[in-house]
Amino acid sequence: MKTEQADVVPSADLLDDLHWRGLISQTTDETALRKSLKEPISLYIGFDPTAPSLHIGNLVVLLVLRRFQIAGHNPIALVGGATGLVGDPSGRNEDRILNSESTVAEWVNKYRMQLARYLDFDGAINPARIVNNLDWTAPMSAIEFLRDIGKHFSVNQMLAKDSVSMRLEGGGISYTEFSYQVLQSLDFLELYRRLGCTLQIGGTEQWGNIVAGLDLIRRVESGGGHALTVPLLLKSDGTKFGKTAGGSVWLDAEMTSPYSFYQYWLTTEDKDVIKFLKVFSFQSHEQINELEKLHNENPGARTAHRALAREITILVHGEEICDRVEAAARALFGQGELGELDEVTLASALAELPKTHIVKGDEIPTWVDLLHATGVVESKSAARRIVKESGAYLNNAKISGEDFRPSVNDFFFGRFAILRKGKRDLAAVEIIKKP
RNA sequence: GGCGGGUUGCCCGAGCGGCCAAUGGGAGGGGACUGUAAAUCCCCCGGCUCUGCCUUCGAAGGUUCAAAUCCUUCACCCGCCA
């Protein structure tokens with residue numbers, strides 16, 4: 001993805017900007033870091049493949065990397081093909097279940113593709129790079145590892161790390177995960193040697209690992225570098241950001257539909273919306289301040305929410321998809337009658353929803369069976385409960401009776417019907433011709 | 001290696017032979033009020049072909065008319081001792 005050159009701000013402002021956005025938790029010697037940022041530096045963030053897709057929690061740090069690139073620095077996104085096989089103990093109270101090598105390799109590829117979207121690889125001055133730590137870890141023998149790298153680590157210090165000591169007090173730690181900090185340190189050292197990388201960024205829980213890397217660089221290369229951690233983003237109710245009942249909000253459209261993705265941002269609590277804009281948006285301070293003003297004047301208009309949802313959805317899924325998803329939301333949540341929508345508009349709005357289909361001429365199943373078929377509820381019992389609790393709608397009209405069955409007339413253009421569960425959970429039913 | 005304690009539904013955590021699909025809290029869901037927000041109040045929360053049936057209380061066996069509850073073995077966790 002190309003970044004507009006017009007967006008480039010002088011690097012001297014970068015740290016101030018990050019502070020303003022609430023994106024700095026801790027740094028090593030900020031004065032020195034500020035000074036070094038006057039010249040372009042190389043910096044990296046690592047992403048261990050722990051799932052088939054990145055999620056919006058990963059996006060927080062990833063966008064910090066992007067901000068550094070826009071400011072003229074050289075970003076390196078590291079995919080943990082090696083570290084993902086070992087498992088980071090940080091912030092966990094028990095050992096991870098090891099994934100197979102083939103699974104991790106597959107996830108590495110998916111991560112690469114996704115990461116590429118948020119960085120600029122074409123710029124002549126500071127193109128981004130994506131690296132995989134398996135490239136320098138796999139060829140290394142156990143003896144080399146122990147003699148050349150292990151020798152520089154003091155077990156005493158390793159034990160003192162939060163990520164380890166918490167485990168010693170709790171459920172214990174395997175030698176595998178205990179070694180994780182050594183691998184991550186090796187990464188920093190390698191990138192320092194190969195690409196002159198002098199800054200590593202990560203979540204707060206990465207502090208120990210990053211600092212261990214700095215120690216290693218100092219010992220082996222007598223070099224210096226910096227660490228910067230980004231705070232864990234919390235919602236105002238204290239819960240982790242980016243989780244829904246169904247799990248994480250993924251960047252992969254197959255795992256979290258663009259419609260759900262947009263809705264996640266749109267339904268952000270009022271208290272959090274400005275905070276999230278600061279973290280995720282690339283708009284200027286003035287623009288965000290203006291949105292804050294509008295929001296405070298008339299929260300019901302949800303101007304800030306819409307701006308947030310739109311910007312992030314465009315960033316992740318592109319403008320075209322965002323337009324479609326917005327149009328769908330407008331049509332489905334609008335005040336107008338569903339029956340007034342033309343067929344094309346309705347069809348494209350419904351395309352964004354979870355759906356099921358029935359064959360023309362077949363008996364139409366009950367509302368309960370239809371809803372269950374769309375996957376919006378986990379079981380038919382749950383669907384029945386919704387009807388009983390009067391949260392069931394067909395085409396935005398409340399229905400009752402567990403055995404309620406839509407009729408052919410309920411289908412717009414003889415094709416579409418809309419199921420709704422509660423206030424905002426929509427699903428579509430389409431009648432299709434016999435195959 | 002020895003002794004003791006534990007393993008319960010999405011999570012925490014009661015139950016300790018029948019009244020148990022299993023108390024309570026959290027999370028989650030529905031309703032009312034709103035703005036596809038929050039707070040608040042009410043309700044729900046294993047599944048199904050639903051006045052009944054089926055599957056759950058670490059795993060596998062066993063005792064019993066009847067087990068999450070008793071017995072045996074196994075696995076994992078946590079203490080104390082060596």
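If you're wondering where the values come from, they're calculated on a predicted model, not measured in any experiment. A, B, ... follow the sequence lines: proteins, then strands. Residue 1 opens every chain. In what follows, every heavy atom counts, from backbone to side chain, and hydrogens, waters and symmetry copies are set aside.
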Practice task
Using atom types as modelled and distance alone, determine if a side-chain donor or acceptor of A/Asp252 lies under 3.5 Å from a backbone N or O of A/Ser53.
Solution key: no
Problem - A/Gly213 backbone acceptor or donor facing A/Ser185 side chain under 3.5 Å - result: yes
Practice task
Sort and list the pairs that fulfil salt bridge (charged side-chain N to carboxylate O under 4.0 Å, His left out) and have at least one residue in residues 349-367 of chain A, not counting sequence neighbours.
Solution key: A/Arg324-A/Glu352, A/Glu363-A/Arg405
Practice task
Answer with yes or no whether A/Lys380 presents, from its side chain, a donor or acceptor under 3.5 Å of a partner atom in the base of B/U49.
Solution key: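 Side chain to base: no pair below 3.5 Å.
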Practice task
Please state whether the base of B/G35 and the side chain of A/Asp270 form at least one donor-acceptor pair under 3.5 Å?
Solution key: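 Yes, the side chain and the base share a sub-3.5 Å donor-acceptor pair.
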How about [X]: does its [atom1] atom have over 12 heavy atoms from other parts shown lying under 6.0 Å from it?
| X | atom1 | answer |
| --- | --- | --- |
| A/Glu269 | CD | yes |
| A/Glu297 | CD | yes |
| A/Met113 | CE | no |
| A/Ile143 | CD1 | no |

Practice task
Check every atom of B/U36, B/G31, B/A38 against the side chain of A/Leu266 and return the nucleotide holding the closest atom.
Solution key: B/U36
Problem - Watson-Crick or G-U stems of RNA chain B, 3 or more pairs, under 3.5 Å, by first number - result: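 The stems that RNA chain B takes part in, listed by first number, are B:1-7 with B:75-81, B:10-12 with B:24-26, B:28-32 with B:40-44, B:46-48 with B:52-54, B:58-62 with B:70-74.
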Handout entry: Aromatic contact, A/Trp20 with A/His285 (centres under 6.0 Å)
Key =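 Yes, close enough.
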In this structure, how many angstroms lie between the [atom2] atom of [N] and the [atom1] atom of [X], rounded?
| X | N | atom1 | atom2 | answer |
| --- | --- | --- | --- | --- |
| A/Asp425 | B/G30 | CG | P | 7 Å |
| A/Arg302 | B/U34 | CZ | C1' | 11 Å |
| A/Tyr264 | B/A37 | OH | P | 15 Å |
| A/Arg306 | B/A37 | CZ | P | 12 Å |
| A/Lys235 | B/A38 | NZ | P | 9 Å |
| A/Phe333 | B/G35 | CZ | P | 15 Å |
| A/Ile274 | B/A38 | CD1 | P | 16 Å |

Practice task
Evaluate the ring planes of A/Phe280 and A/Phe276, with Trp represented by its six-membered ring, and classify them as parallel (under 30°), tilted (30 to 60°) or perpendicular (over 60°).
Solution key: perpendicular
Practice task
Quick one: label A/Gly300 by what it contacts on the DNA or RNA (base, sugar-phosphate, nothing), any heavy atom closer than 4.0 Å.
Solution key: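 Base contact - A/Gly300 has a heavy atom under 4.0 Å of at least one base atom.
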Fill in the blank from the handout: Once base and sugar-phosphate atoms are separated, protein heavy atoms under 4.0 Å mark nucleotides 40-46 of chain B, 5' to 3', with B, S and - as ----SS-
